[in-house]
Novice: 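The structure is given below, and queries will be raised subsequently.
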Amino acid sequence: MSIRDWTDDAWCGGAYADNVVDPNAGDVEAPLRHGFGPIRFASSELSPRYPGYIEGAITMGRLAAKEALAALGYDEAAIAKLRANGAVA
């Protein structure tokens, strides 16, 4: 068995979330938030609201799904139809 004290690890900081706190860093999450084509990343750490919390994960998940559908050519009417059929939240 191996036991490790992660609080002293230089790369993890002992936290459960990955929020960037470097005052010299720009918006380092922007490239991930932007995605590539219809591919979007969604996590609480990328959320514009409540980063690091479940509310942030839900917010970012909904935003990423809406952006991915838009990138695939779905307009608001098509998304509303999918929502009415229970295909999306």
Side-chain angles (χ1 to χ4, degrees):
M1 175 175 19
S2 176
I3 298 176
R4 181 172 179 102
D5 181 1
W6 290 100
T7 57
D8 291 329
D9 188 282
W11 298 105
C12 78
Y16 69 92
D18 184 29
N19 296 323
V20 177
V21 294
D22 182 355
N24 298 320
D27 188 4
V28 295
E29 292 91 355
L32 289 174
R33 205 179 292 123
H34 178 69
F36 181 77
I39 299 171
R40 294 295 184 272
F41 297 96
S43 71
S44 66
E45 291 80 12
L46 297 176
S47 182
R49 293 183 294 159
Y50 310 109
Y53 295 94
I54 187 65
E55 293 85 351
I58 293 167
T59 298
M60 192 59 202
R62 289 179 175 163
L63 179 61
K66 184 177 179 180
E67 289 177 358
L69 288 170
L72 290 169
Y74 288 86
D75 60 10
E76 288 293 328
I79 294 172
K81 188 174 182 180
L82 289 171
R83 192 172 286 131
N85 292 332
V88 296

Novice: When you group the ILVMFWY residues by side-chain heavy-atom contacts below 4.5 Å and let the links chain together, are L46 and L63 in the same group?
Specialist: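 In one cluster: yes.
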
Novice: Grab the two heavy atoms, one from P48 and one from M60, that are nearest each other, plus how far apart they are.
Specialist: CD-SD, 4.0 Å

Novice: Which atom names give the shortest non-hydrogen contact between P38 and A68, and what distance separates them?
Specialist: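 Shortest heavy-atom contact: O-CB, 3.4 Å.
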
Novice: Quick test of your reading of the model: are E45 and R33 salt-bridged, counting only N-O distances below 4.0 Å?
Specialist: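 No salt bridge links E45 with R33.
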
Novice: Are side-chain heavy atoms of L69 and K66 found at a separation under 4.5 Å?
Specialist: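 No, too far: nothing below the 4.5 Å cut-off.
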
Novice: Is there a path of hydrophobic side-chain contacts, each under 4.5 Å between heavy atoms of I, L, V, M, F, W or Y residues, that connects I79 with L72?
Specialist: yes

Novice: Locate the shortest heavy-atom distance separating R40 from A64; write the atom from each residue and the value.
Specialist: CG-O, 3.6 Å

